[in-house]
Amino acid sequence: MVSGCVLEPSLLSLVKQVPGGKVTTYGALARALGDPIAARWVGKVLSENYRSDVPCHRVIMSDLSLGGYNKGVDEKVKKLKEEGIDVAAGRVNEKIFEDFVTSYPLRRYAETQLKLAQKVVLEGDLKVGRVAGIDVSYREGGKGVCSIFDLSDGSLIEELTIVKRPKFPYIPTYLSFREGGFIIELVKMMSKEERKDCILLIDGNGYMHPRKCGLASHVGVVLDMPTIGVAKSRLCGKSGEKGEIYINQELVGFAIGGNRYVSPGHRVSAYGSRRFVRRLLEAGIDPLRRAHRTSRP
DNA sequence: GCGACAG
DNA sequence: ATCTTGTCGC
């Protein structure tokens, strides 16, 4: 219950649909939520669930092995056998129940991303005077930090902080629904004048996203500000010979320095975003590292 | 079988 | 992101 409040009721009600004497898989539940990529989150939630009205013991792995259970796997096997399910050598011999009644809630979020993606502008002159790095860290809730630097002299102008509980779980490709609210609130704490002339560096992807709408693009469009995504690992795409990242032959971003992935968020091009981040680092300005450090305890 | 899977 | 969970593709 600590993580995703938003999708959790949907997930638990899906688990309740699995009849006694039948089993389903984490992946099948994720598909019923609207996206198989949520399978890992499904497993995490169910392994932590203690509600006796939710039959988590009927959820197993796609290879028919047992998976986890909060009271131990032995208890899971016992409950399954009591329901007449054939369990032998740590495997369940039963057809997978997948006949869920569902509204596929995750699809609505994906559709939101597709709509926002149509508003993304992949060009801009980046005539800005300030740069803000924004990062969110978690420990008993989330802490978002926005570190604003003056580009004329590289000095730290201001640092803003916000602490709140994220309402959306972490599911790959849906990060913007977890962290977008932190970023938007932080930017709204900036003065109008400060905001006007500022580009945002976001810890995550922009255009380098399966639906062309990662966190940086999402908040860029919502705030109508130039944004660049800088991620520490690759979510999707294929690497070219000079660090380019492609999705279906389309350039979506770059790997830089071997351990950073840069992609345009909004109102900047792919090459423009790489140039901007490179020049910042050459000038010794690292807003994201600063935001990351102050967000950590 | 081993690793990847934004944070 | 932390303490571990599933699935798919190489």
Side-chain angles (χ1 to χ4, degrees), chain A residues 2-4 7-8 11 15 23-33 35-49 56 59-70 72-73 76 92 96 98 109 113 133-145 163-183 201-219 227-239 245 247 252-255 259-265 288 291-293 295-297:
Chain A
V2 175
S3 63
L7 288 169
E8 234 174 74
L11 170 59
V15 178
V23 291
T24 193
T25 69
Y26 303 98
L29 286 164
R31 286 192 292 276
L33 285 170
D35 195 331
I37 207 165
R40 214 173 170 188
W41 172 72
V42 169
K44 185 176 168 348
V45 171
L46 297 191
S47 73
E48 290 167 357
N49 178 61
C56 296
V59 187
I60 61 168
M61 311 262 277
S62 66
D63 64 357
L64 303 184
S65 63
L66 285 159
Y69 193 59
N70 57 17
V73 186
K76 193 169 185 173
V92 173
I96 298 301
E98 201 163 354
Y109 294 95
Q113 291 176 325
I134 307 184
D135 189 26
V136 181
S137 72
Y138 299 95
R139 164 172 149 161
E140 305 280 321
K143 180 179 179 183
V145 172
V163 175
K164 62 172 186 173
R165 254 187 207 299
K167 290 179 189 131
F168 201 89
Y170 174 70
I171 297 171
T173 76
Y174 297 87
L175 176 64
S176 53
F177 300 103
R178 181 170 174 81
E179 295 194 352
F182 284 85
I183 295 167
L201 287 198
I202 304 294
D203 189 15
N205 287 312
Y207 198 62
M208 202 166 95
H209 182 275
R211 292 174 288 280
K212 308 293 168 66
C213 190
L215 178 60
S217 297
H218 189 128
V219 301
T227 59
I228 294 172
V230 182
K232 290 182 276 296
S233 64
R234 202 181 77 250
L235 172 66
C236 59
K238 287 180 186 169
S239 301
I245 310 288
I247 299 177
V252 294
F254 296 95
N259 59 352
R260 284 285 184 280
Y261 294 84
V262 176
S263 63
L288 276 178
H292 187 69
R293 286 158 91 103
S295 75
R296 276 193 311 197

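Below, chains carry the letters A, B, ... as their sequence lines are ordered, and counting in each starts from 1.
Taking atom CG of A:Asp203 as the reference point, atom P of B:dA6 lies 12 Å away to the nearest angstrom. Remark: C1' of B:dC5 and CG of A:Leu175 are 13 Å apart, rounded to the nearest angstrom. Whole-Å rounding puts the A:Arg260 CZ to B:dG7 C1' distance at 13 Å. When the P atom of B:dA6 is taken as reference, atom CH2 of A:Trp41 falls 16 Å away, rounded to whole Å.
A:Leu235 CG to A:Ile247 CD1: the interatomic distance, rounded to the nearest 0.5 Å, is 8.0 Å. Summarising the geometry, atom CD1 belonging to A:Ile134 is positioned 12.0 Å from atom CZ belonging to A:Phe182; distances are rounded to the nearest 0.5 Å.
Between the side chains of A:Asp35 and A:Tyr109, no donor N or O sits under 3.5 Å from an acceptor N or O.
Across C:dA1 and C:dT5, the matching C1' atoms stand 15 Å from one another, rounded to whole Å.
OP1 or OP2 of B:dC5 has not a single side-chain nitrogen or oxygen of A:Thr173 nearer than 4.0 Å.
For the salt bridge (Lys or Arg N to Asp or Glu O under 4.0 Å) test, residues two or more places apart in sequence or in another chain that qualify with A:Asp203 are A:Lys232.
Boundaries of the chain A contact region on DNA chain C are C:dA1 to C:dC8, first to last in 5' to 3' order (nucleotide atom under 4.0 Å from a heavy atom).
A:Arg139 comes within 4.0 angstrom of nothing in the nucleic acid, heavy atoms only.
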